[in-house]
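What you see is a predicted model; the values in this text were computed from it and never measured.
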Amino acid sequence: MACAGEGKFTGKDPAALPTLVVRFSGSGWLLAFHCGVGKFAYDHLRVDHPRLRFGGQSGGSLISSALTAGQSFKTLLYVRQVFLRTCRAD
């Protein structure tokens, strides 16, 4: 009798692993929440793994680009704060 999952994802063949795609939606001024998720992913996942992909739209594309390029999330939050101050001043 075969066990459930037998022969799947044994770690011996990296090509057998499924591709994980993480997509970030458009976030508007809630970009800080996406930054938190992106920073967690950067700190705890191997973001350069060939089976891990990132994508997004609008503010989410900023996060996926930062993850892919290894950019600082502190910089993204700083730019967000500058934009908020500029918008409030107008």
Q: I'd like to know whether Y42 forms a side-chain contact (heavy atoms from CB on, under 4.5 Å) with I63, so could you lay out the CA-CA distance, the side-chain angles of the two residues, the decisive distance to 0.1 Å, and finally the verdict.
A: CA-CA 11 Å; Y42 189 80; I63 304 305; over 6 Å; no
Q: Examine distances only and state if a side-chain atom of H34 and a backbone atom of L62 form a donor-acceptor pair shorter than 3.5 Å.
A: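 Not confirmed, H34 side chain does not pair with L62 backbone.
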Q: With sequence neighbours excluded, tell me which residues meet ring pair (Phe, Tyr, Trp, His ring centres under 6.0 Å) with F83.
A: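 Testing F83 for ring pair (Phe, Tyr, Trp, His ring centres under 6.0 Å), a comparison that skips the adjacent residues, returns none.
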Q: Evaluate the side-chain proximity of T19 to R53: yes if any heavy-atom separation is below 4.5 Å, no if none is.
A: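 In contact.
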Q: What distance do H44 atom NE2 and K39 atom NZ have between them, rounded to the nearest 0.5 Å?
A: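 If I round to the nearest 0.5 Å, the distance is 8.5 Å.
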Q: Show every side-chain hydrogen bond (donor to acceptor under 3.5 Å, both in side chains) that has at least one partner inside residues 56-70, sequence neighbours left out.
A: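 side-chain hydrogen bond (donor to acceptor under 3.5 Å, both in side chains) check on residues 56-70 returns no pairs.
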Q: Should L20 and F54 count as side-chain neighbours, where that means a heavy-atom distance under 4.5 Å?
A: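 Not touching, per the 4.5 Å side-chain cut-off.
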Q: Check the hydrophobic clustering (I, L, V, M, F, W, Y; side-chain heavy atoms under 4.5 Å; chains of links allowed) and say if F40 and L45 are grouped together.
A: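 Shared cluster, no.
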